[in-house]
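Every chain is numbered from 1 and lettered A, B, ... according to where its sequence line falls, protein lines coming before strand lines.
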Amino acid sequence: MGNEACGEGAIQAGCRFYAGYPITPQNELTAYMSRRMEGVNGTFIQAESELSAINMVFGASVAGMRAMTSSSSPGISLKQEGISYLSGCELPAVIIDVMRGGPGLGNISPSQADYFQATKGGGHGDYHMIVFAPSSVQEMFDFTYKAFGCADKYRMPVMVLADGMLGQMMEPLEFDEDMKPPAVVSKPWALTGAENRDAQSIKSLRLGSGEASLERHNEKLQEKYRGIEKKETLVEMYRADDAEKVIVAYGSVGRIARSCVDSLREEGEKVGLVRPRTLWPFPHEDIRRLARGKVDFFVVEMSAGQMVDDVRLAVLDDDRVSFYGRMGGGIPEEKEIVRRLRDKG
Amino acid sequence: MAKTFTRPASMKDAMTHYCPGCGHGIIHRVLCEVIDELGIREKTVAVAPVGCAVLAYDYWDFDTTEAAHGRTPAVATGIKRVLPDRLVFTYQGDGDLAAIGTAEIIHAGARGENISVIFVNNGVYGMTGGQMAPTTLVGQTTATTPFTRRPEKDGFPLKVLEMMSVLPGVTYLERTSVHSPGEVVKTRKAIKRSFQTQLDRKGFSMVEVIAPCPIYWGLTPVMAMKRIQEDVLKAYPLGVVKEGSERI
Ligand SMILES: Cc1ncc(C[n+]2csc(CCOP(=O)(O)OP(=O)(O)O)c2C)c(N)n1
Ligand code: SF4
């Protein structure tokens, strides 16, 4: 199941600290970690809230451990404070969001309405997380595994943004039982006691001036983000080369859209798919390249239209970008997408 | 002539930003003395709060991080679980610990987390300008209780140690003060006992230190110390509140 695949991906990546708070539809992940951490001598804590869970992860990361928390939309709202502090302190951490319908308590059906809070810095301050968007159980595993490497390399929080459908989905999963965790980077900044070195601190408060100023710190963060945009963007282009119409969709919807492309192609229609596999950094360049041809874009999301903003920014021609979305837990069906796509002419 | 009164090795040679007569400086000093005495400077990882003590890492010469407001015990929990052989303590004001971080402190105690907590009760929010804290006394004037703290509107002071004392995971709780040299010595002893409790892996412990905030009490440093003795200790009696765990 998708949720458990995330858990195993984390274990294989060398994650030895997990703290979480129950919330549907990601409960299987928390339960999985409670069993699995026991066998690998790791730490599992059922925290008193998502606020505590993310801050326990903060503490574990301060001490140099690969650490993870997971939740679903309402809980991610609570974690935003911690994510902002992790970003300010440049601490690695992995956060899984198995999205559900909102706003408020909403429902427990799949949704993609956390796109904004995942990619646009849902907490305060100018920061980004790398956001992976799996669309299969295999990718739930692969991206979670990969997330730990990115988090350590760039010293930042990384999110795997899934939804209730992927979390609950059963699918075969393949991985090498003897796989090695992503390369361990040394963490001289970690706080383990000032033994044979000067005392050091990890903090997000910056009151200094010049090199020590908060403005300079922000500039450094932004430089880091520009580098990540160049290096870490992932996208699947499916039958998009000669396409006249391109569906842009991620996650579960990306999966459904793929079948749409296949059935439309069988009927001779030149349709392709762009499936962003990272939502931040967003594959602006790949979409822009397609947009240089006479391609129309059709964005499908389980939201009122959030990723569509980024597609518009890439295409820079609003007349060529149309949108179809379902909200509050509605899942667009294949024939529904096909019909809507045709309606748009 | 030999120096008889020197700066503890665990304390940096820095001027603090605290107001004259503030309690934080005294408490920093005694806790650094204890760390020296136990010889654990290299094995200590501290968590500073959001509050007037947020810059503690500028004064303490051991590893220190800074938590989001109130999340201090959760951060300490993460560190301690990863580094069980290090001394991990939080240093928190009464806004940090008894208001925004109430859930975090109670559950760290409930889990019997093997950490130490230094809880500085000065009855106000110092950093933000002297607003009411959960610990503010009935009848006390603050920036947000201009007509004094009136229980019918503002509720009653929170006695955190007494509340925590019913938790089986909590091993040692003591309330001390810094209003006189004798009480400072007791504070030092209590902090040492708390750290020793942790080093002996005996579970959660907390020392609540009654401290002055002369600026926002509207008193001179001397009068602030007097107020502690005459008023504050009536609401917050000193002494050991709990010793010995009921944990099996
Ligand atoms: C989430 C959040 N809310 C509010 C604040 C503003 N704030 C900073 S310190 C503080 C209270 C500090 O009071 P206390 O914990 O009693 O410590 P003191 O300054 O008295 O030592 C508040 C409310 C903040 N930094 N973060
Ligand atoms: S405001 Fe109060 S607590 Fe803060 S430094 Fe001044 S005296 Fe100390």
Proximal component of [X], with respect to chain B [non-hydrogen, under 4.5 Å]:
X	value
A:Thr43	side chain
A:Ile54	neither
A:Ser204	both

| query | Of all the residues in residues 71-80 of chain B, which have a heavy atom that comes within less than 4.5 Å of a heavy atom in chain A? | reply |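 Under the 4.5 Å heavy-atom cut-off, B:Arg71, B:Ala74, B:Val75, B:Thr77, B:Gly78, B:Ile79 qualify.
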| message | Under 4.0 Å between a side-chain nitrogen and a carboxylate oxygen: does that hold for A:Lys79 and A:Glu50? | response |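 Salt bridge absent between A:Lys79 and A:Glu50.
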| query | Does a sphere of radius 6.0 Å around NZ in B:Lys189 hold more than 12 heavy atoms from other residues, nucleotides or ligands, not counting ones at 6.0 Å or beyond? | reply |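 No, because the 6.0 Å sphere around NZ of B:Lys189 holds 12 heavy atoms or fewer from other groups.
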| query | Should the heavy atoms of other residues, nucleotides or ligands under 6.0 Å from NZ of A:Lys224 be counted, would the total exceed 12? | reply |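 Atom NZ in A:Lys224 is packed in, count exceeds 12.
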| said: If we count only N and O atoms by modelled type, under 3.5 Å, do the side chains of B:Gln196 and B:Asp200 hold a donor and an acceptor together? | reply: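 Result is yes, a qualifying pair exists.
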| task | Classify the side-chain pair B:His24/B:Tyr59 by whether it contains a donor and acceptor separated by less than 3.5 Å. | result |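 No, B:Tyr59 and B:His24 have no side-chain donor paired with an acceptor closer than 3.5 Å.
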| Under 30°, 30 to 60°, or over 60°: which ring-plane class applies to B:His69 and B:Tyr125, parallel, tilted or perpendicular? |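 Answer is perpendicular, since the angle exceeds 60°.
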| said: In terms of relative ring orientation, are B:Phe195 and B:Phe89 parallel, tilted or perpendicular, with 30° and 60° separating the classes? | reply: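 Geometry flag for B:Phe89 against B:Phe195: tilted rings.
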| Has the side chain of B:Asp63 got a donor or acceptor atom that lies under 3.5 Å from a matching backbone atom of A:Gly193? |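 Such a contact is found between B:Asp63 side chain and A:Gly193 backbone.
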| request: Against chain A, work out which of B:Glu104, B:Glu66, B:Arg41 has the most heavy-atom pairs shorter than 4.5 Å and name it. | output: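 Of B:Glu104, B:Glu66, B:Arg41, B:Glu66 has the most heavy-atom pairs under 4.5 Å with chain A.
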| chain A heavy atoms under 4.5 Å from B:Leu55: which part of the residue, side chain, backbone, both or neither? |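 B:Leu55 touches chain A through side-chain heavy atoms alone.
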